[in-house]
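Below is one structure; the comments refer to it alone.
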Amino acid sequence: MENKEFTNFIHDIIDEDNESGKHGGRVQTRFPPEPNGYLHIGHAKSICLNFGTAIKYGGKCNLRFDDTNPSKEEDEYVRSIREDVHWLGFDWAEREFYASDYFEELYEFAVELIKLGKAYVCELSATEIREFHGTLKEPGKPSPWRERSIEENLELFERMRSGEFEEGKYTLRAKIDMSSPNMHMRDPVIYRIMYAHHHRTGNKWCIYPMYDFTHCLSDSLERITHSLCTLEFEVHRPLYDWFLDELEVFHSRQIEFARLNLTYTVMSKRKLLMLVKEGYVSGWDDPRMPTICGLRRRGYTPESIREFCDRIGVAKRDSMVDLALLEHCLRDHLNKIAPRYMAVLNPLKVIIDNYPADKTEYLEAINNPEDPDAGSRMVPFSREIYIEREDFMEDAPKKFYRLTPGSEVRLRYAYFIQCENVVKDAEGNILEIHCTYDPASSGGNSPDGRKVKATLHWVSIPTAFKAEVRHFDNLLTVSDPATEDKDFLELINKDSLHILENCPMEPALKDLKAGERIQFERIGYYCVDSKDSAPEKPVFNRTVGLKDEWARMQNR
RNA sequence: UGGGCUGUAGUAUAAUGGUAGUACAGCGGAUUCUGGUUCCGUAUGUGGGGGUUCGACUCCUCCCAGCCCAGCCA
């Protein structure tokens, strides 16, 4: 795959392991989402890293659902995660695993730990555990139940499993070090009692293992060689290693990397959920959302997301990636694959006075200048057309080289025209403009070789159909919400959706399929919305605009 | 500050004791039937001090800054 040329500190570690023969050259990774929400672009980084690393080293990557908390996890999320990972272009073959597949083994590991004198059943309440836990600067105090006999622990743990106790009454804790400067080593809870229905095991269990206990052992059971996770788990690593060492099982190596942050975007599940719940967006797949399903609906290609993930690199320092890089990768791919069409977003009527009133001719237009195989199509042209209002100026600055009274421009694939007359209403608003064309410039070139400074897109009025176009802005008004003093709510862009109704389009645009990606010439890349489009009534989402040198000049 | 981690152009990364490079963004130009694409050029950087060394982004040391950890969440 394309990431062969990319390297990072994790691959350096793998190279060292391969050289020392640590795993006999075998590389096995896993992508371990908790099925409690939708995947977003941050997960894409992890997916590309885990699957990409496996591909690079000829290894395998498992998809493992980390489903140890039945109160939060649902099957709907499992389905969406599967769909999104597949859509991104990765395949886990038959290796779709669930931490819940290992509940029986994990239980046995816990029993083993008790037998080793390394775990005990604790009767402290949640509040008491917190009180005994100490603080960052003060050591904790040992639980009064810490020195129970192995026999008693075994018996109580079994009774926990059999449902004899109410929720929260007992926990199983690892017996490590209550005075450790690492809070995670102060006798962490490894099993809790929960009477909840689990999406896969139903009501079979009423005790559920905690993350720290589950994750390392799941990695071990799957013989994961390199367990890649985000930075916040760095302080968990001693515990990860402790379980594997005490139980003397296959030892995976946890390696942490920095999660993705993107400018003008939020990635936290909580904040994303808030945007959905409070109605700032229409749902998880709203085209403004950084979720995989949102990006998909927006018109992103999996290739562009993978390219982006390759190019941002992998490191340990917290970082904030410029959205512009993602958009660059997007445009780069879309430029190669998106067929071009003409549509006018803000129409201005143009009447070509010297063109026959009853005539319609069909002109050949190239579908994609970047792709000869894309062929061409015939576009209808007639006396009355729409052009973009921004493409005409009565009193234009020097740098404006579109249509002005007295200048000549080209209508793409059609003719050269000149503006002769401007019709206005009583308030001085321009209603329409009258032009003349040069019949000799048919197809867009003049036989005398004279040049024009601009080429305009246009739509013939009699054959036009009108459609809805949606433009999206960033969900946030600031690039990095973490550095702002304000509440998250105040940073939300309340004006991130712009709907343009009745935009005239060339006829060919009527027959596109949902999800199809195209370019409106000179405007941007769009796709047919997969939810709100109807047959012959497409709704177009702006995926990303074309770079706009003119707009940039005006902003300066 | 109890512990852990991280500091390289605006941003993201490379250089693993030997010329600080690449990409995006920026700026300037060329080409162009998309002010798109493409091409060329250009400015900007090793958090700070001390040390080791012929030579330090790299090793040592002190300092500074930022991030993570006190869920029966993951």
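The structure presented is a predicted model; accordingly, all values stated were derived computationally and were not measured.
The distance between atom NE2 of A:His333 and atom P of B:U37, rounded to the nearest whole Å, is 16 Å. If you take CG of A:Leu330 and P of B:U37, they are 13 Å apart, rounded to a whole angstrom. To the nearest angstrom, C1' of B:G26 lies 16 Å from CE of A:Met553.
Interface residues of residues 542-551 of chain A facing RNA chain B, ordered by number: A:Leu546, A:Lys547, A:Asp548, A:Glu549, A:Trp550; criterion, heavy-atom separation under 4.0 Å. A heavy atom lying under 4.0 Å from RNA chain B marks the following residues of residues 180-188 of chain A, by number: A:Pro181, A:Met183, A:His184. Using a 4.0 Å cutoff on non-hydrogen atoms, the parts of residues 450-459 of chain A near RNA chain B are A:Thr455, ordered by number.
A:Tyr208 comes within 4.0 angstrom of nothing in the nucleic acid, heavy atoms only. The residue A:Ala126 sits close to a base: some heavy atom pair falls under 4.0 Å. Heavy atoms of A:Leu124 sit under 4.0 angstrom from at least one base atom. When heavy atoms are screened at a 4.0 angstrom cut-off, A:Met194 is found touching no nucleic acid atom at all. Residue A:Asp212 is out of contact with every strand shown, counting any heavy-atom pair closer than 4.0 Å. Residue contacts shown for A:Ile312 are limited to sugar-phosphate atoms, with no base heavy atom under 4.0 Å away. Here A:Tyr191 lies out of heavy-atom contact (under 4.0 Å) with every strand.
B:U22 and B:U61 have their C1' atoms separated by 33 Å, given to the nearest Å. Taking atom C1' on both B:C57 and B:A74, the two are 36 Å apart, rounded to the nearest angstrom. With both ends at atom P, the span from B:C69 to B:G47 equals 26 Å, rounded to whole Å. Atom name C1', nucleotides B:C54 and B:C62: the rounded distance is 26 Å, in whole Å. Taking the P atom of each, B:U37 and B:A25 are spaced 9 Å apart, rounded to whole Å. With P as the reference atom, B:U6 and B:A15 are 15 Å apart, rounded to whole Å.
Using cut-offs of 30° and 60° on the angle between ring planes, the pair A:Phe65 and A:Tyr98 is parallel. Ring geometry, A:Tyr170 versus A:Phe165: the interplanar angle falls from 30° to 60°, so the pair is classed tilted. Between A:Tyr526 and A:His471, the ring planes lie tilted relative to each other; the angle falls in the 30° to 60° range. Below 30°, between 30° and 60°, or above 60°: for A:Phe233 and A:Tyr211 the angle between ring planes is between 30° and 60°, a tilted geometry. Aromatic ring orientation, A:Phe103 versus A:Trp205: perpendicular (interplanar angle above 60°, classes split at 30° and 60°).
Partners of A:Tyr38 by side-chain contact (heavy atoms from CB on, under 4.5 Å), not counting sequence neighbours, listed by chain and number: A:Glu76, A:Tyr77, A:Ser80, A:Trp284, A:Thr291, A:Cys293. The salt bridge (charged side-chain N to carboxylate O under 4.0 Å, His left out) check on A:Asp438 picks up A:Arg450, with sequence neighbours excluded. Annotation: salt bridge (charged side-chain N to carboxylate O under 4.0 Å, His left out) contacts of A:Arg389 (sequence neighbours excluded): none. With sequence neighbours left out, the salt bridge (charged side-chain N to carboxylate O under 4.0 Å, His left out) criterion links A:Arg148 to A:Glu123, A:Glu152. Not counting sequence neighbours, the partners of A:Arg552 by the salt bridge (charged side-chain N to carboxylate O under 4.0 Å, His left out) test are A:Glu549. When the side-chain contact (heavy atoms from CB on, under 4.5 Å) test is applied to A:Thr263, the partners found at least two apart in sequence or on another chain are A:Met320, A:Asp322, A:Leu323, A:Ser479.
A donor-acceptor contact under 3.5 Å links the side chain of A:Glu370 to the base of B:G36. In this model, a side-chain donor or acceptor of A:Arg402 finds a partner on the base of B:G35 within 3.5 Å. Taking only distance into account, the side chain of A:Arg340 meets the base of B:U34 through a donor-acceptor pair shorter than 3.5 Å.
Annotation: cation-pi geometry not satisfied between A:Arg340 and A:Phe520 (NZ/CZ under 6.0 angstrom from ring centroid, within 45° of ring axis). Relative to the ring axis of A:Phe257, A:Lys316 does not place its NZ or CZ within 45° and under 6.0 Å from the centre.
Regarding contacts with the backbone of B:A70, every side-chain N or O of A:His133 stays at 4.0 angstrom or more from both OP1 and OP2. When the side-chain nitrogen and oxygen atoms of A:Thr68 are compared with OP1 and OP2 of B:A74, one or more of them lie within a distance under 4.0 Å. Regarding contacts with the backbone of B:C73, a side-chain N or O of A:Arg192 is found under 4.0 angstrom from either OP1 or OP2. Note on A:Arg331: every side-chain N or O is 4.0 Å or more away from OP1 and OP2 of B:G36. Here A:Arg317 does not reach the OP1 or OP2 of B:G47: none of its side-chain N or O atoms lies under 4.0 Å away.
A salt bridge does not link A:Glu408 to A:Lys453: none of the charged nitrogens lies less than 4.0 Å from a carboxylate oxygen.
Among the nucleotides B:U1, B:G10, B:G26, the one closest to the side chain of A:Asp322 is B:G10. The side chain of A:Ser319 lies closest to B:U13 when the candidates are B:C72, B:U13, B:U8. Of the candidate nucleotides B:G35, B:U34, B:A14, B:U34 has the atom nearest to the side chain of A:Pro369. Nearest nucleotide to the A:Val235 side chain, out of B:C27, B:C67, B:G3: B:G3. When the nucleotides B:C72, B:C27, B:A74 are ranked by their closest atom to the side chain of A:Phe233, B:A74 comes out on top. For A:Asn335, whose side chain is taken as the heavy atoms from C-beta onward, the closest listed nucleotide among B:G71, B:A74, B:G36 is B:G36.
Applying the ring-ring contact (aromatic ring centres under 6.0 Å, His included) test to residues at least two apart or on different chains, none of the pairs has a partner in residues 303-337 of chain A.
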Can you list the steps and then say if A:Ser252 with A:His226 is a side chain to side chain donor-acceptor pair (under 3.5 Å)?
CA-CA 6 Å; A:Ser252 310; A:His226 304 269; over 6 Å; no
Under 3.5 Å, which donor-acceptor pairs link side chains of residues 67-74 of chain A to any protein atom two or more places apart or in another chain?
{"from": "A:Asp67", "atom 1": "OD1", "to": "A:Ala99", "atom 2": "N", "distance (Å)": "3.2"}
{"from": "A:Asp67", "atom 1": "OD1", "to": "A:Ser100", "atom 2": "N", "distance (Å)": "2.9"}
{"from": "A:Asp67", "atom 1": "OD1", "to": "A:Ser100", "atom 2": "OG", "distance (Å)": "3.3"}
{"from": "A:Asp67", "atom 1": "OD2", "to": "A:Ser100", "atom 2": "OG", "distance (Å)": "2.7"}
{"from": "A:Asp67", "atom 1": "OD2", "to": "A:His199", "atom 2": "NE2", "distance (Å)": "2.9"}
{"from": "A:Asn69", "atom 1": "OD1", "to": "A:Ser71", "atom 2": "N", "distance (Å)": "3.3"}
{"from": "A:Asn69", "atom 1": "OD1", "to": "A:Ser71", "atom 2": "OG", "distance (Å)": "2.7"}
{"from": "A:Glu73", "atom 1": "OE1", "to": "A:Thr68", "atom 2": "N", "distance (Å)": "3.4"}
{"from": "A:Glu73", "atom 1": "OE1", "to": "A:Asn69", "atom 2": "N", "distance (Å)": "3.2"}
{"from": "A:Glu73", "atom 1": "OE2", "to": "A:Asn69", "atom 2": "N", "distance (Å)": "3.1"}

Dot-bracket encoding per residue of RNA chain B, Watson-Crick/G-U cut-off under 3.5 Å, | denoting interstrand:
.((((((..((((....[..)))).(((((.......)))))....(((((..]....))))))))))).....
